[in-house]
Amino acid sequence: MDVEEVVSGVLEGDRRATARAISMVEDGADDLPELIEGLFPKTGNAYSVGLTGSPGVGKSSLAAELVKVVRSRDRSVAVLAIDPTSPFTGGALLGDRLRMQTHATDPEVFIRSMATRGHLGGLALAAPEAVRVLDASGADIILIETVGVGQAEVEVATAADTTLVVVAPGWGDAVQASKAGILEIADVFVVNKADRDGVEATYRDIQGMIALGERGPGEWRPQVVRSVAVRGEGIEGVIAAIAKHRAWLEERGELQRRRERRAAVEVEEIALGALRAKIGSLREGTALPMLAAPAGLVVVLAPNGVAPERCTPVFMYASLS
Ligand SMILES: Nc1nc2c(ncn2[C@@H]2O[C@H](COP(=O)(O)OP(=O)(O)OP(=O)(O)O)[C@@H](O)[C@H]2O)c(=O)[nH]1
Ligand SMILES: [Mg+2]
């Protein structure tokens, strides 16, 4: 399939073409810009929901339940599972496949796991590109599951319109959570495994953390809901919290602003990626060591009228290229 065929296939909602497009994102294929260019005009219709949280808290189980609800409303849904901790997602995918089994034969459900084998921009770029592919393929709702709550996961989470942070009873304390930056990314906290001991304490911890968090007037206050994903309990509450956040975003024009902010971050990442690629190739030759040596910098490269002390390597590089 050449890139034009992939583009037209994705736009027709063809699953094979969509899978191919996600692989291109994953691999950081050379013709990725053509792909995204072809798809971009047809995006903006899907609503994306990120699910993040520590391993095993029940993200996939919850996603499977959300898929059920979306399908009962006759909307199409795509699920993207991302494991930023490993370049290959085989293991995680297997578990997810099992949990998603009931949906596997539904043509309106697209399930895919993704790694970022060759993508220069890593997840920060790959995730929004993959979301764009799924959006263009006609998915109404896109669920993005990521494992963990580190920096990479935070980046992925910000690719979504609404971010759910899934926790389970006994899950760390509030200080741990705020350190990891969870509070900033959570639009909704889901305390899953609410059938377990300690659910009240966890619920209170999170409420306390939210109460302490600084929020300007009119800022969104994260919702906290409970669920027992394996039994399909509390799912309506999760859906209601998502809907409330979505309405809040839309009423204020904040959805559009959020998406624009994300696009700006992406542009920055693309520029940085290109710069990194250039520096990478510099490294293979003798230019970089020469640039790095302060004496070399000043003598060889100080551009017209620039004071030598301003000639940091980055500045030098920028003025050279
Ligand atoms: N008791 C209980 N078990 C649950 C609940 N939700 C999920 N589980 C179980 O917890 C385990 C992990 O569930 P997953 O849905 O795979 O969790 P996950 O967060 O997607 O896991 P990773 O993708 O590996 O990070 C499975 O054995 C589930 O059956 C729940 O509400 N209550
Ligand atoms: Mg999972």
message: For A46 versus D135, what's the shortest heavy-atom pair and its separation?
response: N-OD1, 3.2 Å
Spacing of E37 atom CD and L32 atom CG [to the nearest 0.5 Å]: 11.5 Å
Test log, rule side chain to side chain contact (heavy atoms under 4.5 Å, CB included), inputs W220 and L249: CA-CA 9 Å; W220 172 254; L249 288 174; over 6 Å; no
- prompt: Does any N or O in the side chain of T202 come within less than 3.5 Å of the main-chain N or O of G170, such that one atom is a donor and the other an acceptor?
  reply: yes
message: Distance check, rounded to the nearest 0.5 Å: H245 atom NE2 versus T162 atom OG1?
response: 5.0 Å
- request: Ignoring hydrogens and angles, tell me if any N or O in the side chain of R215 forms a donor-acceptor pair with the backbone of I210 under 3.5 Å.
  value: yes
- prompt: Between the main-chain N or O of F40 and the side-chain N or O of R132, is there a donor-acceptor pair closer than 3.5 Å?
  reply: no
query: L51 and A63: which non-hydrogen atoms are nearest, and at how many Å?
result: CD2-N, 4.2 Å
field: Within-4.5 Å side-chain heavy-atom neighbours: R261 and V265
entry: no
Cationic N near anionic O, under 4.0 Å, E254 to R257: yes
message: What I'd like to find out is whether the side chain of D187 reaches to under 4.5 Å of the side chain of W248, using heavy atoms alone.
response: no
Side-chain touch V69/E236, heavy atoms, less than 4.5 angstrom: yes
field: Full working for side chain to side chain contact (heavy atoms under 4.5 Å, CB included) between V238 and V188
entry: CA-CA 8 Å; V238 179; V188 177; 5.5 Å; no
Side chains of S113 and E26 in contact at under 4.5 Å (non-hydrogen atoms): no
message: Counting C-beta onward and ignoring hydrogens, is there a side-chain heavy-atom pair between L39 and L11 closer than 4.5 Å?
response: yes
message: Check for me, please, whether M1 and V25 land in the same ILVMFWY cluster - side-chain distances under 4.5 Å, paths through other members count.
response: yes
- request: Identify the heavy atoms of G138 and S76 that sit nearest to each other, and give their distance.
  value: O-OG, 3.1 Å
- prompt: From L80 CG over to I111 CD1, what is the distance, rounded to the nearest 0.5 angstrom?
  reply: 11.5 Å
- request: Return yes if some donor-acceptor pair links the side-chain N/O of D14 with the main-chain N/O of A17 below 3.5 Å, else return no.
  value: yes
query: Quick one: does N45's side chain get under 4.5 Å of D140's, heavy atoms only?
result: no
- request: Check whether any side-chain heavy atom of E108 lies under 4.5 Å from a side-chain heavy atom of R71, and answer yes or no.
  value: yes
message: If you compare all heavy atoms of Q223 against all heavy atoms of A241, which two are closest, and at what distance to 0.1 Å?
response: CB-CB, 4.1 Å
- request: Give a yes or no on this: more than 12 heavy atoms of other residues, nucleotides or ligands lie within 6.0 Å of atom CG of D197.
  value: no
message: Hydrophobic clustering (ILVMFWY, side-chain heavy atoms < 4.5 Å, transitive) - are I239 and V228 grouped together?
response: no
task: Enter the distance from F189:CZ to D205:CG here, rounded to the nearest 0.5 Å.
output: 10.5 Å
Interatomic spacing from CG in L134 to CD1 in I144 - rounded to 0.5 Å: 8.5 Å
- prompt: Mind checking whether M209 and P222 have side chains closer than 4.5 Å, heavy atoms only?
  reply: no
message: If hydrophobic clusters are built from ILVMFWY residues whose side chains come within less than 4.5 Å, do V230 and V167 share one?
response: no
message: Quick check on E5: does its CD atom have over 12 non-hydrogen neighbours (other residues, nucleotides or ligands) under 6.0 Å away?
response: yes
- prompt: Of I36, L35, V133, which meets side-chain contact (heavy atoms from CB on, under 4.5 Å) against V7?
  reply: L35
message: Using a strict threshold of under 4.0 Å (side-chain N to carboxylate O), is an ion pair present between K68 and E65?
response: yes
message: On a heavy-atom basis, which atom in P33 and which in D30 lie closest, and how many Å separate them?
response: CD-O, 3.4 Å
query: Between E145 and S60, which heavy-atom pair has the shortest distance, and what is it?
result: OE1-OG, 2.7 Å
message: Could you check whether any side-chain N or O of D2 sits under 3.5 Å from a backbone N or O of E4, counting only pairs where one atom can act as donor and the other as acceptor?
response: yes
query: Does E200 CD have over 12 foreign heavy atoms under 6.0 Å away?
result: yes
- line: Interatomic distance, CD@E233 vs CG@D195, rounded to 0.5 Å, equals 7.5 Å
Under 3.5 Å: donor-acceptor pair, side chain of K59, backbone of V166: no
R16 atom CZ: more than 12 heavy-atom contacts under 6.0 Å: no
statement: Contacts of R20 meeting salt bridge (Lys or Arg N to Asp or Glu O under 4.0 Å) (sequence neighbours excluded), chain-then-number -> none
query: Counting N and O atoms only, with roles assigned by atom type, does the side chain of R262 sit under 3.5 Å from a partner on the main chain of A160, one being a donor and the other an acceptor?
result: yes
- request: Without swapping roles, check the side chain of S48 against the backbone of D161 for a donor-acceptor pair under 3.5 Å.
  value: yes
